Each structure stands twice: as C-alpha cells, then as structure tokens.
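Quantities reported herein were computed from a predicted structural model and do not represent experimental measurements. Within every chain, numbering begins at 1; the chains are lettered A, B, ... in the order of the sequence lines, protein sequences first and strands thereafter.
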Number of protein chains: 2
Amino acid sequence: MVTVNRPEDGGGGHVCGIDTAMEVIGGKWKVLILWALHEGPERRFGELRRMVPGITEKVLASHLREMEADGIVRRVSYEEVPPRVEYGLTKDGVRLNDALEPLAAWGRERREDREREEGTGPG
Amino acid sequence: MVTVNRPEDGGGGHVCGIDTAMEVIGGKWKVLILWALHEGPERRFGELRRMVPGITEKVLASHLREMEADGIVRRVSYEEVPPRVEYGLTKDGVRLNDALEPLAAWGRERREDREREEGTGPG
DNA sequence: CTGAATCCTTTACGATACTG
DNA sequence: CAGTATCGTAAAGGATTCAG
C-alpha cells in the first residue's frame, strides 16, 4: 500500500491528489510515451522506440507495463508472425493527457522565457 | 545542458513542454512542498518540515534550493537571532501550482475510483 | 518484431551528527 | 532555528545479450 502524505487534510478540505498522479507519470520517460501515444491512434513497440530517441527497450517495456497496470495504456497483441503489438491510451489515459496539458503549457512558456533570458543575459 | 527529446516536432507543431515541467517537479517531495507553500502566505523551514511529515531536513533543504534555483520558490532570510527564513511561491510558482490543479483533480478522481473498485472487486 | 534477462552505474533518498 | 556534511541504501535507469 502506498503511504500518502496528506499535509492539511483536516484543514483545507481537498486532498492533494498530485501524489497519485506523480506515481503514475513518475518514470523518466512516461510523459514522453504518453505524449507519443496521444499523437496517433495506435503505436507499435518499435515505433515508440523511435519516437522516444534515448530510451532503451528495457525501460520502454517496463514503463509500458507499469502504465498498463495503472490502467492508462492498453496493449493489444495480435498473435501473428512476426509478432505485432499495438499500444494505445485508455479513456483514463486520455484524461490524464488532457490534465497534463496545462502543465505542458507552463513548461513551454517557461522554456521560451529562459531562452529569451539567455539573450538578455545575467551579466 | 538539458537534452530535450522532441518526438514529433516537425509533425505536430506543439512541442512537449511536460519534460521541462517534470524536471522542476520531479523530486519526490516537491509537489508536496509546492502544495504546502500554496496553502498560506509564507512558511518557515520547520513549519514546512512539519507539513511534510516523512521528509528529512537534508532533502527539504536541497529541494527548496533547487526550487529556488528554478525560480518557483522565493527565499527570504531575515538576518536575526534566532535565525528566521521564510519561503513563498514566486509568480511562476503560483502559475505552476495552478497548472498542477487538473492533474491533482485527475489523481483525486482516480483514487476515489480505485477505492470504489476495492469494494466491487475484480473477481 | 517484441520483448525478457542479466549486470552495472547513477542518482535520489534516508539516517545521523554537527554547526552558525 | 535553519541549515550543512557525511555515509549508507534502495531504486531507477542504461548497456548488452538472449529468446519466442
């Protein structure tokens, strides 16, 4: 069982659900996988590997399985030769992606600001 | 320098800024600290330590400094005896917190669903 | 093609003691 | 009170190899 810290449960009223979300997207590449998955309808393993350049097969596979266990990714295996497996987002996964959008916007703005700062310079 | 993967930069149009955001909130306790910080106006070190039960001084301090370097936390030191230091969110920190809200909502919904499922049972 | 298995490195985090 | 310094552990991730 996951021990969740609830800083001010009695005071505020709303519990910090970010913990729960962070555990789901906590892996180093998970948001990227999520992103890649939301780009199109279904993605194959090798396709994902190409879409997330630095990742290794091991990490991709384990992340994928964790995300599947978390109910945000659906894995469909067509028992063919050669093997073909397709990954897609579940409804919950899509909703997670939507919930991630404001955060992505924040990150984008931030990056733009930082790039501007480099021109302005601190010294 | 941070190596940013851009899966489909040429295709989609919008770049995945979630990476940037994840690097800022990636620490195990950072969202909790953020949460604690957004609860009130200014928080002192010991106060934060109490609000985030499991955290150690070392991690709290290092996270705080990283968040300060990331420009989302402002540290005000009153050079007094005994020492007093107060932490608060910057504008960017507040905006980050706002951007985190949908994710928190997703997490809360999810938790509620899972708790319901435990009653319904999988088998 | 999709993945499992193994081994290794890195990094984050935790416990404790100490300082201005 | 508000940290820093040091040491140890655990978990995540990376490189490579092997298999169905």
(message) Tell me if a side-chain donor or acceptor on A:T90 pairs with a main-chain N or O of A:R74 at a distance below 3.5 Å.
(response) no
(message) Angle between the end axes of the helix from C:dC1-D:dG20 to C:dG20-D:dC1, five pairs per end, to the nearest 10 degrees?
(response) 40°
(request) For C:dT2, take OP1 and OP2 only and decide whether either is under 4.0 Å from a side-chain N or O of A:R75. (result) no
(message) Expressed as a whole number of angstroms, how long is the span from B:L64:CG to D:dA2:P?
(response) 11 Å
(request) Determine yes or no for a side-chain-to-main-chain donor-acceptor pair under 3.5 angstrom, with A:W106 supplying the side chain and B:D92 the backbone. (result) yes
(request) Check the distance between C:dT2's P and A:Y78's OH and give it to me in whole angstrom. (result) 13 Å
(message) Whether B:Y87 contacts D:dC1 is assessed here as follows: a side-chain N or O lying under 4.0 Å from the phosphate OP1 or OP2. Is that the case?
(response) no
(message) With a 4.0 Å limit, can you tell me whether B:R44 has a side-chain N or O closer than that to the phosphate oxygens OP1/OP2 of D:dA2?
(response) yes
(message) Evaluate A:E109 against B:R95 for salt bridge (charged side-chain N to carboxylate O under 4.0 Å, His left out), listing each step before the verdict.
(response) CA-CA 11 Å; A:E109 274 190 55; B:R95 283 178 48 241; 2.8 Å; yes
(message) Output the rounded distance in Å from CZ (A:R84) to C1' (C:dG3).
(response) 17 Å
(request) Calculate the interatomic distance between B:E79 atom CD and D:dC1 atom C1'; express it in whole Å. (result) 14 Å
(request) Quickly work out the A:E23 CD to D:dA12 P distance and round it to whole Å. (result) 11 Å
(message) Need one value for B:R49: base, sugar-phosphate or nothing, where a base atom within 4.0 Å counts as base even if backbone is also close, heavy atoms only.
(response) nothing
(request) State whether B:H63 places a side-chain N or O below 4.0 Å from either non-bridging phosphate oxygen (OP1 or OP2) of C:dC13. (result) yes
(request) Apply salt bridge (charged side-chain N to carboxylate O under 4.0 Å, His left out) to B:R114 and B:E112, showing your working. (result) CA-CA 5 Å; B:R114 297 249 148 171; B:E112 287 166 18; over 6 Å; no
(message) Does a side-chain N or O of B:R65 approach OP1 or OP2 of D:dT4 to a distance below 4.0 Å, or not?
(response) yes
(message) I need the CZ-P distance between B:R43 and D:dC1, as an integer number of Å.
(response) 16 Å
(message) Any side-chain to backbone donor/acceptor pair from A:H63 onto A:L60? Under 3.5 Å, distance only.
(response) no
(message) Any carboxylate oxygen within less than 4.0 angstrom of a Lys/Arg side-chain nitrogen, looking at B:D113 and B:R110?
(response) no
(message) I'd like to know if the side chain of A:N97 and the backbone of A:H38 have a donor-acceptor N/O pair within less than 3.5 Å.
(response) no
(message) When you measure from the centre of the six-membered ring of A:Y87, is the NZ or CZ of A:R43 closer than 6.0 Å and no more than 45° off the axis?
(response) no
(message) Please report the distance, rounded to the nearest Å, between CZ in A:F45 and P in C:dC1.
(response) 11 Å
(request) Could you state the atom-to-atom distance from CD of B:E80 to P of D:dG3 in whole Å? (result) 13 Å
(message) I'd like to compare against my own output: the B/S/- annotation of nucleotides 14-20 of chain D with a strict under-4.0 Å heavy-atom distance to protein.
(response) BBB---B
(request) Show your reasoning for whether side-chain contact (heavy atoms from CB on, under 4.5 Å) applies to A:I55 and A:I33. (result) CA-CA 10 Å; A:I55 201 170; A:I33 297 173; 4.3 Å; yes
